[in-house]
Amino acid sequence: MSAYVSAFDLFSIGIGPSSSHTVGPMRAAVDFARRLVHGDLLSRVERVTCSLYGSLGATGIGHGTPDAVVAGLRGQEPETVDPGAVREAWVRYPAGEPLLLAGARPVAFAKDDITFEPRTRLPGHPNAMTLRAFDEAGGIVTQETYYSVGGGFIRRDGEDRAVGAAEYPYRYDDAASLMRLCDETGLTIAELARANEESRASEAEVAAGLDAIWNAMSGCVEAGLHEGGLLPGGLRVRRRASVIREQLEAVENDGHRELPGEWLGAFALAVNEENASGGRVVTAPTNGAAGILPAVAMYWWRFLADSGLGRGNAVTPYGELVGSALLGFGGEPTEVPDGDEEAVADANRRRGIRRFLLTATALGSLFKANASISGAEGGCQAEVGSACAMAAGGLTAVMGGTTRQIENAAEIAMEHHLGLTCDPVGGLVQIPCIERNAIAASTAVTAARLALRGDGQHFVSLDMVVETMRQTGIDMSTKYKETSEGGLAVNVIEC
Ligand code: SF4
């Protein structure tokens, strides 16, 4: 089984605030409802219940887990559901009102049918949940246990593979074998990932799918940059991205120079504020860390792309010649009107974003396969650290970096997140999560800069830091793994 995970699984368009605590449980509930339908069991069901264990039980309410379970049981999916239909779906559920199971069968349901058991930790994963369906006599029709293993991925108890896992032509287990594969085939990391994607879909479908991911990411940045007020959840955290946008625009409109580094932070805050309010977000590779990749990609799109890419072999701010670097993916001629420079630039930017996302996918797969992308399993190093490494590698790729420079950038980014704990205040994905994404976005840019200044040779390999992250996650106290029982979560007084 290769480490590779599809870009369309790693970057799924869903809802906030958490991929493991919102998106994953919703998918589990949808899967459960579907099994009832396909197993011809639905007509026997009169009542459903859900037990949330471990981290899902500890911080589930703050992360909207019971709302997501209710929506999933109704058959609503994170990709297509109106986020407003999920928000508070559970708290507003009056006792005794029927729930439309799988969108078809009304069954008895009350708020208390979802129970929280934070002290019960199942051996399969810290994020576990059991769904049960009962008949009229109270007998169990069926029950399933699921693990939400991070990034919105779920695994059903008794199955080795995550639901939806697949095989690909280019197989690699770790960063060393990925680089070997690149050397042997002459492919870049992005081209190799693209070939894997095109084993399941046409070239046009892959390109369109990646563009859709980017459209959702950039749409989320824009939405967050224009939304003010307080975030939900009771901490009274004020949204800052739109305020910063106004400040930066005022500076720029006064004729002062652009402030790319400050925009980078604002982009990240924008996404994570959208996530915290339960908006439409792309998991990258989790929701808590969803701001880093879009922020770095938007930073490249807005401030770096046109400085060299798509305009011949011009020199980038780093001095590299990268004009032809984007011809690898989407090397097909782009249909743009003759002489329409903006259309050509836009097409080249999109090619760059596809390369960015594919490179990040190939790297993110390594963290998922060989360590973790789940805060409940490995602490925040697994979420924000992985996202930072993916963004650093993606940026290095679009800046024309070599395979080894990309590996180096990802390694630098991950190395300096080792040991980072997960301690969300009030069980909400707000403090420290939102600011942490802005900091990690700038770390990703720094890591890419350092890697691009070198020749790819370095002391600590990416595989070493992935393994170190895995071991550190095992050693980390449960208090610091999305339980809100330690760190900031117990030292910050909630108002
Ligand atoms: S502290 Fe990190 S891992 Fe924990 S919820 Fe926040 S972003 Fe996710």
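Because only heavy atoms are used, hydrogens play no part in the values below, and waters and symmetry mates are left out as well, while side chains stay in.
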Identify every side-chain donor-acceptor pair in residues 286-294 under 3.5 Å, counting partners at least two apart or on other chains, and give the distances.
| residue | atom | partner | partner atom | Å |
| --- | --- | --- | --- | --- |
| Thr286 | OG1 | Ala289 | N | 3.2 |
| Thr286 | OG1 | Glu383 | OE1 | 3.0 |
| Asn287 | OD1 | Thr283 | OG1 | 2.8 |
| Asn287 | ND2 | Ile15 | O | 2.7 |
| Asn287 | ND2 | Asn275 | OD1 | 3.2 |

* Looking at side-chain heavy atoms only, is the closest gap between His226 and Arg245 below 4.5 Å? -> yes
* Ser20 and Ser374: CA distance, side-chain angles, deciding distance, side chain to side chain donor-acceptor pair (under 3.5 Å) verdict -> CA-CA 7 Å; Ser20 57; Ser374 160; 5.4 Å; no
* Answer yes or no for Arg354 and Trp214: cation-pi contact, defined as NZ/CZ to six-membered ring centre under 6.0 Å and angle to ring axis within 45°. => no
* Dump the intermediate steps for side chain to side chain donor-acceptor pair (under 3.5 Å) on Tyr4 and Glu197, then the final yes or no. => CA-CA 10 Å; Tyr4 189 79; Glu197 298 294 347; 2.6 Å; yes
Without placing hydrogens or testing angles, list every side-chain donor-acceptor pair under 3.5 Å for residues 56-68, not counting sequence neighbours.
| residue | atom | partner | partner atom | Å |
| --- | --- | --- | --- | --- |
| Thr59 | OG1 | His21 | NE2 | 3.3 |
| Thr59 | OG1 | Ser55 | O | 3.2 |
| Thr59 | OG1 | Glu482 | O | 3.4 |
| His63 | ND1 | Thr59 | O | 2.8 |
| His63 | ND1 | Gly427 | O | 2.7 |
| His63 | NE2 | Glu482 | OE2 | 3.1 |
| Thr65 | OG1 | His21 | O | 2.6 |
| Thr65 | OG1 | Gly60 | O | 3.2 |
| Asp67 | OD1 | Ala89 | N | 3.2 |
| Asp67 | OD1 | Trp90 | N | 2.8 |
| Asp67 | OD2 | Glu88 | N | 3.2 |

* Asked: Taking C-beta and beyond as the side chain, do Thr145 and Leu122 meet within less than 4.5 Å on heavy atoms?
  -> yes
* Please check if any side-chain donor atom of Tyr168 sits under 3.5 Å from a side-chain acceptor atom of Arg200, or the reverse. => yes
* Asked: Does a side-chain heavy-atom distance below 4.5 Å link Leu131 with Leu73?
  -> yes
* To do: May I ask you to check whether Asp157 and Tyr147 show a side-chain donor-acceptor distance below 3.5 Å?
  => yes
* Could you verify whether a donor N or O on one side chain and an acceptor N or O on the other, from Arg132 and Ser51, lie under 3.5 Å apart? => yes
* Structure fact -> Residue set satisfying side-chain hydrogen bond (donor to acceptor under 3.5 Å, both in side chains) with Thr361, at least two apart, ordered chain then number -> none
